[in-house]
S.K.: 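I'd like to ask some things about the structure below.
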Amino acid sequence: MSVLNTKELRIIGFLCNWCSYGGADTAGVGRFTQPTDLRVVRVPCSGRINPLFILKSLLGGADGVLVSGCHPRDCHYAEGNFYARRRLELLKGFLPVLGIDPRRFEYTWVSASEGQRWQHVVEAFTAQIHGLGPARGWPEAPELEILNAVAR
Amino acid sequence: MRIGVFICHCGSNIAGTVDCAAVAAKAATYPDVAYATDIMYACAEPGQDAIIAAIKEHQLSGVVVASCTPRMHEPTFRKTVERAGLNRYMFEMANIREHVSWIGKDIEANTNKAAELVRMAAAKLRLNKELKPKSFPVTKRLLVVGGGVAGIQAALDAADAGLEVILVEKQPTIGGKMAKLDKTFPTVDCSSCILGPRMVDVAQHPNITLYAYSEVESVSGYVGNFDVKIRKKASYVDWVKCTGCGLCTEKCPARKSYDRFNEGVGPTTAIIIPFPQAIPKKASIEREHCRLLTGGKCGVCAKVCPTGAINYAMEDEIIEARVGGIVAATGYDLIDWKIYEEYGGGRYPDVVTSLQYERMLSASGPTGGHIKRPSDGVEPKDVVFIQCVGSRDPSIGRPYCSGFCCMYTAKQAILTKDHIPDSQSYVFYMDIRSPGKGYDEFTRRVQEEYKARYIRGRVSLVYPKGNKLIVRGADTLMGVQVEVEADLVVLAVGAEAASESAKLAEKLRISYDSYGFFMEGHPKLKPVETNTAGVFLAGACQGLKDIPSSVAQGSAAAAKAIGLLSRDMLDSDPQIAFVSANRCVGCGKCIEVCPFKAIQEIDLRGQPKAEVIETVCQGCGLCNATCPQGAIQLSHFTDNQILAEVEALCRF
Ligand SMILES: Cc1cc2nc3c(=O)[nH]c(=O)nc-3n(C[C@H](O)[C@H](O)[C@H](O)COP(=O)(O)OP(=O)(O)OC[C@H]3O[C@@H](n4cnc5c(N)ncnc54)[C@H](O)[C@@H]3O)c2cc1C
Ligand code: SF4
Ligand code: SF4
């Protein structure tokens, strides 16, 4: 267990390369201090994010998942984030069915210039997950195929 | 696979808050890691050489560098591994600077986090595949949007280098704000004398096609081959026939129309040629002012036009063009200063903006270069300048400095004295910002030689008294309240990005900040590039700047565009989607969602299958997340690669 015992929880972020990953970089360049729990997976577009990734994370042991993309209308690939929004909204509604507190998953929009906004997002989400505490572990994470079927 | 891991200290930038040696030691225990070390500056020459040497010595087949953001140095290190004989995609980066060392000081937490980011990168790398780019031909034509001094410079430089250039300008003439200025700091030389010839060069250059009174309607495609649609707005005058004689503007009876070029200083006609040196020198009718086009009876201009150029039935025209690169140079606009009630909110005619004052100073302006009070036409003697009207004011959401107002206010005070020798200028300022060649000397000259009185403090109220305006403010250096009786008040109104900049940014798929200024690729190292390949920035649209800087940036943007378009072929990014035909059931869902129409249906032995058109796919991965079969995968970001990263975190 390499998550620093008790200090940190396991939070995974999926960030689009063009806006939010850039925003997180801008926050770094500006030295906007943030909690250390979050680990970022870089994807080209929020539209690339398969709800399966989020389910797999939450069922696999993550205590929280944060998705962030470009602001609506600002997508580097024209419309990827519209699809993302629809999918992620559906997923959020579906989480309770699996016994997952929907507050463990949030999605938001942060542009490459919004370093300070990114800091606030990370602070708020980390606090929210710490408020919920560690997620109830799944003794055995379901296989990919099963999840795939669930995710569609 | 044999993975090599390099943990960069970045001097003390990373090593200050991350135990790099400990991260390397941890990384050595990860699956497939054959070699791990920490390194002082991975990106410097010795660092890159050390990576190459290690690849050879340890027969590495993939490399992870943990350092700064991949948005900065991924291309650098891809070249490094390529020089050592590896495919450039057998490389991953872990961002342990922007995302770790710079955002927290807890060394234990940072070191652990860095090690985990490296674990993720290595887990992904294990599934990386060698990718090879395809090359495609480049259209050697450049689109420049905005014909201010920055756009003009970019267009001329690119055209001189042999590129075809299309220049699109929203107004009926090019020239931008500089065309409205009387003289320019810090030399006080005549604006139209230095800009005019450049505008003529644009008109006469065989490589430049100018679309004035036009806007970019849409942009599709990608670097090397953008397809743009340009909306040529109806001017109701056939510009092929129009000779610019101006007879129509003399006879037009709608004489109370708003004069946009002259910032509303005096009225104009409905059919206009903005100013004598306009390029193109063609007439156009402003629909909302025209008696005939707004439903009345008229038709005078058609009667007087000697060439029969007037066409009231003209409609907007859409022009299509393919270009290889785009320079955005759309400049700025003044903010709406009327929100400031304390300055009269627009109710007092003798409170004018700095740009209106430029038009009043200009010999080609509506007053013929005579400074007159708008209220009664009398020459003012006491002129008060108020700086920072809408700049450095967080209360209206404009916390930034507009950059050029201190300097042009000094210039305008000098010109006031030149025009009216017995006048006295007063300047209310917050600070004098004049860091440029010859600039500070200039702001001293205006005080010492031209005897302008500089008062450090804000103005709290402007109110009329008789035919004067009383300007009440603080002199913070003397610690007293001051009241100045003014004949004319000039507001140095702050600037913001040109109206509708955000809309253009969305069409160009570039980022912009909360004020509408376009975002450069890197604040220091890529000042004229954007994060969208093939789109460059010039002038005040990227951030407010004066003429010398706008011109420099225009040339810089042109140089970048010339560099790009001097190549016959470009390499396509191989991080694109691919279909496994045996998993694809031909449902067509991917075809529906692809924003670039990059997927087509093909027939494979009687069965419909999806196929990606490689040079069209932009690698967004939308299809990947849509396909119910997992049949279409985005190279370098496959489901399995992303899940490997997730697993690297969840399993431990
Ligand atoms: C009162 C005043 C006095 C000044 N005096 C000086 C001075 O003395 N010396 C000095 O160095 N600087 C001075 N400046 C600053 C100077 O105006 C700017 O540095 C300069 O104009 C910037 O050039 P630009 O080409 O970037 O932008 P602009 O001059 O704003 O030109 C932008 C052009 O793009 C066009 N455009 C906008 N949007 C679109 C669109 N969507 N599609 C197509 N076209 C579009 C506009 O119509 C315009 O023609 C002064 C500024 C002010 C306000
Ligand atoms: S990744 Fe898929 S959706 Fe995106 S451009 Fe390529 S084919 Fe189209
Ligand atoms: S969505 Fe998947 S299965 Fe359907 S056509 Fe596209 S690649 Fe084939």
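We name chains A, B, ... by the order of the sequence lines, and we start the count at 1 in each one.
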S.K.: Is a side-chain donor or acceptor of Arg48(A) paired with a backbone partner of Asn624(B) at a separation under 3.5 angstrom?
M.R.: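 No: the side chain of Arg48(A) does not pair with the backbone of Asn624(B).
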
S.K.: With only heavy atoms counted, which part of Ile49(A) is less than 4.5 Å from chain B, the side chain, the backbone, both or neither?
M.R.: backbone

S.K.: Flag the pair Val40(A) / Asn95(B) as yes when at least one side-chain heavy-atom distance between them is below 4.5 Å, and no otherwise.
M.R.: no

S.K.: Distance check, rounded to the nearest 0.5 Å: Met519(B) atom CE versus Cys19(A) atom SG?
M.R.: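 If I round to the nearest 0.5 Å, the distance is 9.0 Å.
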
S.K.: In sequence, state the C-alpha distance, the side-chain angles, and the governing distance for Asp25(A) and His99(B), and then conclude on side-chain contact (heavy atoms from CB on, under 4.5 Å).
M.R.: CA-CA 7 Å; Asp25(A) 283 352; His99(B) 292 193; 2.9 Å; yes

S.K.: Test Glu92(B) against Arg42(A) for salt bridge (Lys or Arg N to Asp or Glu O under 4.0 Å), laying out the working first.
M.R.: CA-CA 11 Å; Glu92(B) 287 297 325; Arg42(A) 182 168 70 125; 5.8 Å; no

S.K.: Among Arg97(B), Met72(B), Gln575(B), Arg71(B), which has the most heavy-atom pairs under 4.5 Å with chain A?
M.R.: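 So the answer, after comparing Arg97(B), Met72(B), Gln575(B), Arg71(B), is Arg71(B).
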
S.K.: Do Val593(B) and Tyr83(A) make a side-chain contact, defined as non-hydrogen atoms from C-beta onward lying under 4.5 Å apart?
M.R.: yes

S.K.: Checking Phe32(A) against chain B: side chain, backbone, both or neither under 4.5 Å from a heavy atom?
M.R.: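 The answer is the backbone of Phe32(A).
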
S.K.: How close do Cys45(A) and Cys620(B) get, counting heavy atoms only, and between which atoms?
M.R.: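 Looks like CB-O, 3.5 Å.
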
S.K.: Between Lys113(B) and Thr36(A), which heavy-atom pair has the shortest distance, and what is it?
M.R.: CD-O, 3.4 Å

S.K.: So does Lys7(A) pair up with Glu108(B), basic N to acidic O under 4.0 Å?
M.R.: yes

S.K.: For the residue pair Cys650(B) and Gly60(A), what are the closest heavy atoms and their distance?
M.R.: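 Residues Cys650(B) and Gly60(A), closest heavy atoms: CB-O, 3.3 Å.
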
S.K.: Report which part of Arg87(A) has an atom under 4.5 Å of a heavy atom belonging to chain B: side chain, backbone, both, or neither.
M.R.: side chain

S.K.: Kindly indicate, with the supporting measurements, whether the criterion side-chain hydrogen bond (donor to acceptor under 3.5 Å, both in side chains) is fulfilled by Asn531(B) and Asn17(A).
M.R.: CA-CA 10 Å; Asn531(B) 279 327; Asn17(A) 179 50; over 6 Å; no

S.K.: Give the interface residues of residues 111-129 of chain A toward chain B, defined by a heavy-atom separation under 4.5 Å.
M.R.: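 Listed by number, the contacting residues are Ala112(A), Ser113(A).
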
S.K.: Based on non-hydrogen pairs under 4.5 Å, which of His76(A), Arg31(A), His71(A) is most in contact with chain B?
M.R.: Arg31(A)

S.K.: Please step through side-chain contact (heavy atoms from CB on, under 4.5 Å) for the pair Tyr77(A) and Leu622(B), ending with a clear verdict.
M.R.: CA-CA 9 Å; Tyr77(A) 301 100; Leu622(B) 199 47; over 6 Å; no

S.K.: Does any N or O in the side chain of Lys56(A) come within less than 3.5 Å of the main-chain N or O of Glu647(B), such that one atom is a donor and the other an acceptor?
M.R.: no

S.K.: When only pairs under 4.5 Å are counted, which of Ser57(A), Ala62(A), Ala27(A) shares the most heavy-atom pairs with chain B?
M.R.: Ser57(A)

S.K.: Less than 4.5 Å to any heavy atom of chain A: does that hold for the side chain of Tyr222(B), its backbone, both, or neither?
M.R.: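 Side chain only.
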
S.K.: Could you check if a side-chain atom of Arg10(A) sits within less than 4.5 angstrom of a side-chain atom of Glu116(B), using non-hydrogen atoms only?
M.R.: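 The answer is yes; the side chains approach within 4.5 Å.
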
S.K.: Compare every heavy atom of Arg39(A) with every heavy atom of Leu117(B), then report the nearest pair and how far apart it is.
M.R.: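 Of all heavy-atom pairs spanning Leu117(B) and Arg39(A), the closest is CD2-CD, 4.1 Å.
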
S.K.: Where on Cys16(A) is there a heavy atom nearer than 4.5 Å to chain B: the side chain, the backbone, both, or neither?
M.R.: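 Contact with chain B: none, neither part.
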
S.K.: For the interface with chain A, which of Cys68(B), Pro70(B), Ser511(B), Ala115(B) has the highest count of heavy-atom pairs at distances below 4.5 Å?
M.R.: Pro70(B)

S.K.: Out of curiosity, Asp513(B) CG to Thr26(A) OG1, how far, rounded to the nearest 0.5 Å?
M.R.: 11.0 Å

S.K.: Counting only heavy atoms closer than 4.5 Å, note whether Tyr21(A) contacts chain B via side chain, backbone, both or neither.
M.R.: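 Both parts, backbone and side chain.
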
S.K.: With chain A as the partner, which of Met120(B), Arg509(B), Lys124(B) has the greatest number of non-hydrogen pairs under 4.5 Å?
M.R.: Arg509(B)

S.K.: Find the distance between CD (Glu645(B)) and CD1 (Ile12(A)) and round it off to the nearest 0.5 Å.
M.R.: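 So the CD of Glu645(B) and the CD1 of Ile12(A) are separated by 9.5 Å.
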
S.K.: Before giving the answer on side-chain contact (heavy atoms from CB on, under 4.5 Å), spell out for Ile642(B) and Val43(A) the whole-Å C-alpha distance, their side-chain angles and the decisive distance to 0.1 Å.
M.R.: CA-CA 8 Å; Ile642(B) 293 171; Val43(A) 290; 3.8 Å; yes

S.K.: If you draw a 6.0 Å radius around NZ in Lys229(B), do more than 12 non-hydrogen atoms from other residues or ligands fall strictly inside?
M.R.: no

